[in-house]
Amino acid sequence: MAHTIVIFGASGDLTSRKLIPALYRLFLRDKLPADTHIVGVSRSKFSDDAWREQLATTTEKFTQKDFNAESWQEFAKQVHYVPGDIKDASDFDTLAERLNGIEGQRSADRVYYIATMPQLYETAAAHLGASGLADDSEAARRIVIEKPFGTDLATAKKLNTAIASVFREDQVYRIDHYLGKETVQNIMVLRFGNAIFEPLWNRNYIDHVQITVAEEVLVGRRGDYYDGSGVLRDMFQNHILQLMMVTAMECPSKFNADSVRDEKVKVLGAIRQLRGADFADCGIRGQYAGYRSEEGVDPNSETETFAALRLHVDNWRWNGVPFYLRSGKALSCRTTQIVIEFKEPPHMLFGGSTTPQANRLVIQIQPAEGIQVHFQSKVPDAEMKTRQSQLDFRFDSGGLALPDAYQRLLQDALQGDASLFARSDEVELAWAIIDPIIGAWRSPAAPPMNSYPVEGWGPSESADWMRKDGRNWFDVCPVIH
Ligand code: BG6
């Protein structure tokens with residue numbers, strides 16, 4: 001079967017920075033199905049050749065040493081451009097004609113990738129429906145929706161309803177690029193492809209879980225968007241809750257879209273609802289020093305650039321095991337890691353240790369990818385003194401380059417595998433968890449906004465808050481390099 005991927009928002013940043021480089025790399029690795037056409041749509045008036053030329057420059061920049069002019073020429077033959085305005089229904093009729101021309105007599109499975117401003121998602125779906133472009137009686141029709149998927153529960157529901165009036169749920173692919181990361185998928189392999197971890201993966205052995213997504217960058221040119229969003233919408237509702245779901249879910253009976261997502265959704269459903277006084281103590285808010293002078297940011301902004309949250313999963317496996325989640329901009333380094341902190345040994349046989357004796361599993365998602373196990377070993381030639389030692393696993397050992405998340409996600413969308421995309425109930429439940437926190441943190445009862453210096457681990461109150469629970473953040477920049 002032939003394939004066509006239609007990218008709405010073709011002149012945007014995401015298309016040139018991520019989508020086309022990912023498709024080109026799939027092509028280089030023979031992973032782009034044969035007979036695949038890529039059609040860009042946006043308001044700019046490019047010809048096919050002008051768009052190809054522009055993409056050659058940007059793709060070279062973003063794929064660097066993978067780029068070569070000869071293979072680009074081959075790839076570019078499959079690339080087309082159709083000027084069109086999403087708001088204009090008649091442009092969809094023109095697009096339909098052009099697609100029929102490009103595909104010729106063969107019927108082709110189509111993926112419509114909506115990489116536009118979020119305000120246009122609903123219109124795009126509606127016009128695809130009205131023009132007949134969503135009709136899948138002859139071949140598959142799928143729609144890929146970029147993030148953000150709504151800005152709260154009400155808008156996410158509205159968007160789901162609008163899309164559902166045109167596409168069935170199995171045709172809808174909601175992007176969370178964290179799910180496309182190899183190391184996130186590897187969490188499932190670590191847990192469900194091995195016999196030694198799963199027996200320990202519960203309240204009997206685990207004291208708590210920490211999920212940190214630390215970013216070194218400031219808001220930069222995105223001040224305008226970010227100030228209306230804040231870290232809870234930007235990182236928690238999507239990426240961090242995805243990491244939490246994959247860490248906490250039960251083993252699905254099959255690895256397919258429904259089974260995997262059913263298990264993930266159960267985790268969200270089991271997260272304890274916060275009420276009343278919980279909101280003041282469930283987390284810490286912070287804003288980096290200088291944020292209010294960033295371009296596009298309100299000088300009196302009360303938007304968090306850092307947050308830490310403590311959530312509980314009320315089920316048999318996790319009862320009593322807190323999940324500490326945190327993320328922020330302007331921190332010491334870029335690192336995404338999940339720390340599984342085990343309980344202390346029940347009986348301390350050996351004295352003289354200078355470090356805590358609990359075992360730890362550090363799953364490092366990025367930038368370097370790997371896993372580290374912390375365990376006690378004997379200090380040589382020092383009676384029975386112990387010290388903390390490490391076992392390291394590097395994910396790319398063997399010289400295998402890790403693909404960008406978008407490669408995997410585009411490939412799956414073309415092949416019709418939605419396992420690594422968010423389902424409508426997943427997105428809504430995630431908002432139902434984050435919305436009340438945002439609401440409470442915008443109310444007079446909000447916990448104080450703490451300022452923090454650029455290049456640290458967020459406000460000092462975050463460490464104090466953790467210590468009150470008798471625990472410490474694992475503040476280590478990538479443990480594996
Ligand atoms: C995006 C957020 O979804 O994820 C950004 O909007 C953030 O603010 C980015 O920087 C982080 O993604 P990654 O893959 O670099 O960790």
Side-chain angles (χ1 to χ4, degrees), residues 9 12-15 17-19 21-22 25 62 113-119 121 144-152 156 173-187 211-246 286-288 291 294-297 301 303-307 325-338 363-370 395 402-410 420-422 426-427 430-431 434 438 454 458 477-478:
D13 210 36
L14 183 75
T15 304
R17 229 166 20 89
K18 292 288 183 189
L19 304 183
R25 283 195 166 115
F62 294 117
Y113 198 120
I114 317 296
T116 59
M117 293 184 329
Q119 295 86 316
Y121 295 170
V144 178
I145 308 278
E146 253 303 324
K147 70 152 263 196
F149 199 88
T151 52
D152 56 16
Y173 290 64
R174 296 173 193 77
I175 290 261
D176 186 312
H177 75 280
Y178 267 57
L179 291 176
K181 293 183 193 276
E182 292 278 327
T183 40
V184 175
Q185 294 155 35
N186 190 49
I187 300 170
I211 301 181
T212 297
V213 182
E215 295 191 281
E216 215 177 340
V217 291
L218 315 182
V219 293
R221 286 186 297 132
R222 300 169 73 223
D224 201 18
Y225 149 77
Y226 194 87
D227 206 37
S229 164
V231 70
L232 291 177
R233 287 193 176 90
D234 191 52
M235 298 299 287
F236 280 72
Q237 185 274 340
N238 40 51
H239 311 322
I240 296 190
L241 285 182
Q242 286 293 348
L243 294 177
M244 180 170 168
M245 282 185 258
V246 175
Q287 194 182 70
Y288 67 80
Y291 171 72
E294 297 274 20
E295 194 189 323
V297 171
S301 173
T303 300
E304 305 82 21
T305 60
F306 172 96
L325 318 176
R326 69 174 167 168
S327 180
K329 304 257 184 222
L331 301 184
S332 280
C333 56
R334 175 171 184 248
T335 186
T336 298
Q337 53 201 17
I338 300 172
I363 303 171
Q364 195 172 294
I365 305 292
Q366 62 183 23
E369 289 101 350
F395 198 59
L402 299 192
D404 182 75
Y406 277 92
Q407 264 168 255
R408 173 65 192 264
L409 296 176
L410 281 163
L420 300 177
F421 293 82
E426 202 173 333
V427 171
W431 276 121
I434 296 300
I438 296 176
V454 171
C477 282

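Indexing begins at 1, ligand by ligand and atom by atom, following the structure's order. Quick caveat: nothing in here was measured; it's all calculated off a predicted structure.
Pocket lining of ligand 1, defined as residues with a non-hydrogen atom under 4.0 Å away: Lys147, His177, Tyr178, Lys181, Glu215, Arg222, Asp234, Met235, His239, Lys329, Arg334, Gln366.
Minimum interatomic distance between Trp431 and Gly150 (heavy atoms only, all atoms of both residues): CZ2-O, 3.2 Å. The heavy-atom pair separating Asp234 from Arg222 by the smallest distance is OD1-NH2, 4.0 Å.
Using a 3.5 Å distance cut-off with no hydrogens or angles, the side chains of Tyr121 and Glu146 do not pair a donor with an acceptor.
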- Message: Between Gln366 and Thr336, is the side-chain hydrogen bond (donor to acceptor under 3.5 Å, both in side chains) condition met? List the steps.
- Response: CA-CA 5 Å; Gln366 62 183 23; Thr336 298; 3.3 Å; yes
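Evaluated for a salt bridge (Lys or Arg N to Asp or Glu O under 4.0 Å) with Glu215, the options Arg334, Arg326, Lys329 yield exactly one hit, Lys329.
For Glu182, the salt bridge (charged side-chain N to carboxylate O under 4.0 Å, His left out) criterion is met by no residue, not counting sequence neighbours.
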